[in-house]
Colleague: 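Quick one: structure below, then a few questions.
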Amino acid sequence: MRIYETMFIIKPDVPEEERNNLVEGVKKFLEERLGAQVENVDRWGIRKLAYKIGKYFEGDYTVICFRSNGQGLDQLENYFKVHPDFMRWQTFRREDLEKKERKAARAKKEAESSSQEGQQEGASEEKVE
């Protein structure tokens, strides 16, 4: 499964409880509709925007990291489009994290195989003596 990260900005004039419900709604959508495994939900809260969007100078930022096979991400885009409380959103694949995981798994596998070889050599040396 691939690793993805989506960041979205919710309008700041939406009540706090509803903003929390929107975040939970995105999480639920990812898990139920796309079959994704949500790993991390990071609420940044209300922050100043880099530039004015409509009438807003601030927005409520949220970042969600998840694993998915990549199918259905267009449905996620449509989900954001349908709800008018989302100002901006961006979803992208985190290839850097995938490479890091593969590298760690490869190193672990090499360490295990070298320790097994060491054990086999030690056992053959004992037989020779």
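Along the sequence shown, the residues carry numbers beginning at 1.
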Colleague: Does a side-chain N-to-carboxylate-O contact under 4.0 Å join Arg67 and Glu101?
Modeller: yes
Colleague: Are Leu76 and Val38 connected in a single hydrophobic cluster, I mean Ile/Leu/Val/Met/Phe/Trp/Tyr linked by side-chain heavy atoms less than 4.5 Å apart?
Modeller: yes
Colleague: For the CD atom on Glu16, are there more than 12 heavy atoms of other groups (residues, nucleotides or ligands in this structure) within a distance under 6.0 Å?
Modeller: yes
Colleague: Taking side chain as C-beta onward, heavy atoms only, is Ile64 less than 4.5 Å from Glu39?
Modeller: no
Colleague: Run the side-chain donor-acceptor check on residues 4-11: report pairs under 3.5 Å with partners two or more places apart or on a different chain.
Modeller:
| from | atom 1 | to | atom 2 | distance (Å) |
| --- | --- | --- | --- | --- |
| Glu5 | OE1 | Arg94 | NH1 | 2.9 |
| Thr6 | OG1 | Gln90 | O | 3.3 |
| Thr6 | OG1 | Thr91 | OG1 | 2.8 |
| Lys11 | NZ | Pro84 | O | 3.1 |

Colleague: For residues 23-37, which side-chain N or O atoms pair as donor and acceptor with protein atoms under 3.5 Å away, sequence neighbours left out?
Modeller:
none

Colleague: Using the rule that two of Ile, Leu, Val, Met, Phe, Trp, Tyr join whenever any of their side-chain heavy atoms come within less than 4.5 Å, decide whether Leu97 and Leu73 are in one cluster.
Modeller: no
Colleague: I'd like to know if the side chain of Arg19 reaches the main chain of Asp60, judged simply by a donor and an acceptor atom lying under 3.5 Å from each other, with no hydrogens or angles considered.
Modeller: no
Colleague: Which residues pass the side chain to side chain contact (heavy atoms under 4.5 Å, CB included) test with Asp42, sequence neighbours left out?
Modeller: Asn40, Trp44, Val63
Colleague: Would you be so kind as to tabulate the donor-acceptor pairs closer than 3.5 Å made by side chains of residues 47-59, with sequence neighbours excluded?
Modeller:
| from | atom 1 | to | atom 2 | distance (Å) |
| --- | --- | --- | --- | --- |
| Tyr56 | OH | Asp13 | OD1 | 3.4 |
| Tyr56 | OH | Asp13 | OD2 | 2.8 |

Colleague: How would you list, by chain and number, every residue that makes a salt bridge (Lys or Arg N to Asp or Glu O under 4.0 Å) with Glu18, sequence neighbours excluded?
Modeller: none
Colleague: Out of Arg2, Lys103, Arg93, which residue meets the salt bridge (Lys or Arg N to Asp or Glu O under 4.0 Å) rule with Glu98?
Modeller: Arg93
Colleague: Give me each pair satisfying side-chain hydrogen bond (donor to acceptor under 3.5 Å, both in side chains) with a member in residues 69-86, each pair once, sequence neighbours excluded.
Modeller: Glu77-Trp89
Colleague: For the CG atom of Leu22 and the CZ atom of Phe80, what is their distance to the nearest 0.5 Å?
Modeller: 10.0 Å
